[in-house]
Amino acid sequence: MNRLQNKTALITGGNSGIGFATAKEFLEQGATVIITGRNQASLDEAKQALQGKVFTILSNSSNLNDVRALRKQVEEISPALDIVFINAGIGKFAPIEAVTEEHYDEQFNVNVKGAYFTIQQLLPLINDGGSIILNTSVNAHMGMANSSVYSATKAALLTLARTLSAELLHRRIRVNAISPGPVTTPIFDKLGMAADEKEGLKTAVQSKVPLGRFGDPAEIARVATFFASDDSTFVLGTEIIADGGMITL
Ligand SMILES: NC(=O)c1ccc[n+]([C@@H]2O[C@H](COP(=O)([O-])OP(=O)(O)OC[C@H]3O[C@@H](n4cnc5c(N)ncnc54)[C@H](OP(=O)(O)O)[C@@H]3O)[C@@H](O)[C@H]2O)c1
């Protein structure tokens with residue numbers, strides 16, 4: 001239970017779902033954890049639930065002013081970071097004919113622009129030999145109707161794992177991605193669907209998972225711990241697909 005002893009991690013969108021489960025796991029593994037989120041009440045609730053060496057920063061990943069302020073806010077808590085988990089993200093689904101500029105910009109702003117500039121701004125704080133982990137999605141690998149914008153945002157992150165690993169070789173900073181399949185988190189409550197519509201979607205998605213179930217956020221958190229820890233010091237520019245066999249079987 002000490003795979004992350006003496007390491008400091010920052011997790012974007014750490015107040016909920018996979019980010020929250022990863023914060024819990026990182027704390028259990030001995031890390032100091034900073035979680036960001038866009039809602040102070042949710043951050044306070046998460047901090048209360050997590051306990052231990054956990055700090056919060058109110059920061060909206062889609063707002064570049066917030067992203068630019070992040071480095072200074074982190075420095076007030078810790079002089080350096082060992083692990084950055086780029087996890088904050090949103091998903092919206094619509095056929096291409098119905099996609100608006102707002103639908104497109106909203107997702108690219110959080111999932112890609114926010115992710116990219118968060119890494120850029122935090123880089124000076126990341127220790128040599130550090131680990132950056134990107135939360136992508138199996139959607140980056142699938143032709144799933146109505147997911148064109150969301151899938152494109154996640155595919156963009158996958159290329160970042162490779163290009164940034166190459167750019168950061170001189171500092172031995174490894175950039176890797178996790179591509180989860182369906183995982184039980186509040187993200188499904190944020191789709192703006194009626195309850196029966198949401199249940200229908202869940203049943204349809206679950207039927208496509210060979211293991212026959214959604215993943216648990218803790219199962220993704222353990223993958224993140226692998227990338228965050230010294231167990232993966234020879235692993236860079238790649239991804240782990242954690243999807244119950246959805247796209248590989
Ligand atoms: N659950 C799945 O099936 C699944 C599958 C594949 C990939 N993923 C990816 O996993 C990541 C985490 O999602 P999740 O399933 O754990 O959903 P979640 O519970 O909704 O968590 C998403 C987190 O990101 C935060 N966030 C969203 N927009 C933000 C912004 N502009 N600034 C700061 N924080 C923001 C959310 O804050 P709020 O609480 O304020 O909304 C929340 O903390 C996402 O990138 C998602 O695309 C999820």
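For clarity, every value in this text was computed on a predicted model and none was experimentally measured. Counting convention: from 1, in listed order, for ligands and their atoms alike.
Each of the atoms 31 (N) of ligand 1 lies under 4.0 Å from some heavy atom of S62. Of all atoms in ligand 1, numbered sequentially from 1 with element shown, those under 4.0 Å from a heavy atom of G17 are 16 (O), 19 (O). The contact set between ligand 1 and G89, taken as ligand atoms under 4.0 Å from a residue heavy atom, comprises 22 (C), 24 (O), 27 (C), 44 (C), 45 (O). Per-residue contacts place I90 under 4.0 angstrom from the following atoms of ligand 1 (heavy atoms of the residue considered): 27 (C), 28 (N).
Defined by atom type and a distance below 3.5 Å, a donor-acceptor pair is missing between the side-chain atoms of D44 and Q48. If you check the side chains of S179 and T136, you find a donor sitting under 3.5 Å from an acceptor.
In terms of protein heavy atoms, atom 13 (O) of ligand 1 is closest to I187 CD1, 3.9 Å. With respect to atom 4 (C) of ligand 1, the closest heavy atom belonging to the protein is G181 O, 4.1 Å. The closest protein non-hydrogen atom to atom 48 (C) of ligand 1 is I18 CD1, 3.9 Å. Atom 14 (P) of ligand 1 has its closest protein heavy atom at T185 OG1, 3.4 Å. Ranking protein heavy atoms by distance to atom 46 (C) of ligand 1, first place goes to Y150 OH, 3.6 Å. For atom 43 (O) of ligand 1, the nearest protein heavy atom (residue, atom name, distance) is N15 OD1, 2.7 Å. Ranking protein heavy atoms by distance to atom 31 (N) of ligand 1, first place goes to N60 OD1, 2.7 Å. Protein heavy atom nearest atom 10 (O) of ligand 1, with residue, atom name and distance: N135 ND2, 3.0 Å.
With a 4.0 Å cut-off on non-hydrogen atoms, V183 touches ligand 1 through its backbone as well as its side chain. By the criterion of a heavy-atom distance under 4.0 Å, the side chain of V110, and not its backbone, is placed next to ligand 1. In T136, the part holding a heavy atom less than 4.0 Å from any atom of ligand 1 is the backbone. Residue-level proximity to ligand 1 for S42 is absent, since no heavy atom of it falls below 4.0 angstrom.
Rounding to the nearest 0.5 Å places CG of L81 at 8.0 Å from CG of N127. To the nearest 0.5 Å, the span separating CZ on R222 from CD1 on I240 amounts to 13.0 Å. Interatomic distance, CG of L157 versus CD1 of I86, reported as 8.5 Å (0.5 Å rounding). With rounding to the nearest 0.5 Å, the separation of CG in L236 from CZ in R172 is 12.0 Å. To the nearest 0.5 angstrom, S59 atom OG is 4.5 Å from D66 atom CG. How far CE of M144 is from CE of M246: 7.0 Å, rounded to the nearest 0.5 Å.
Between G13 and ligand 1, a contact under 3.5 Å exists for at least one N or O pair. For a threshold of 3.5 Å applied to N or O pairs, the pair formed by R38 and ligand 1 contains at least one separation below that value. At least one N or O atom of S16, backbone or side chain, sits closer than 3.5 Å to an N or O atom of ligand 1.
Panel note: side chain S165, backbone G237; a donor-acceptor pair is recorded below 3.5 Å. In this structure, R174 contributes its side chain and F227 its backbone to a donor-acceptor pair below 3.5 Å. For the pair N176 (side chain) and A161 (backbone), a donor-acceptor distance under 3.5 Å is absent.
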### Task
Apply side chain to side chain contact (heavy atoms under 4.5 Å, CB included) to the pair T100 and H103, showing each step before the final yes or no.
CA-CA 5 Å; T100 60; H103 172 110; 3.4 Å; yes
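For atom 33 (C) of ligand 1, the choice among P182, S59, A242 with the nearest heavy atom turns out to be S59.
Not close to ligand 1: F214, with no non-hydrogen atom less than 4.0 angstrom away. Ligand 1 has no atom lying under 4.0 Å from any heavy atom of G91.
Looking at heavy atoms from C-beta onward, K92 lies out of side-chain contact with V149 at the 4.5 angstrom threshold.
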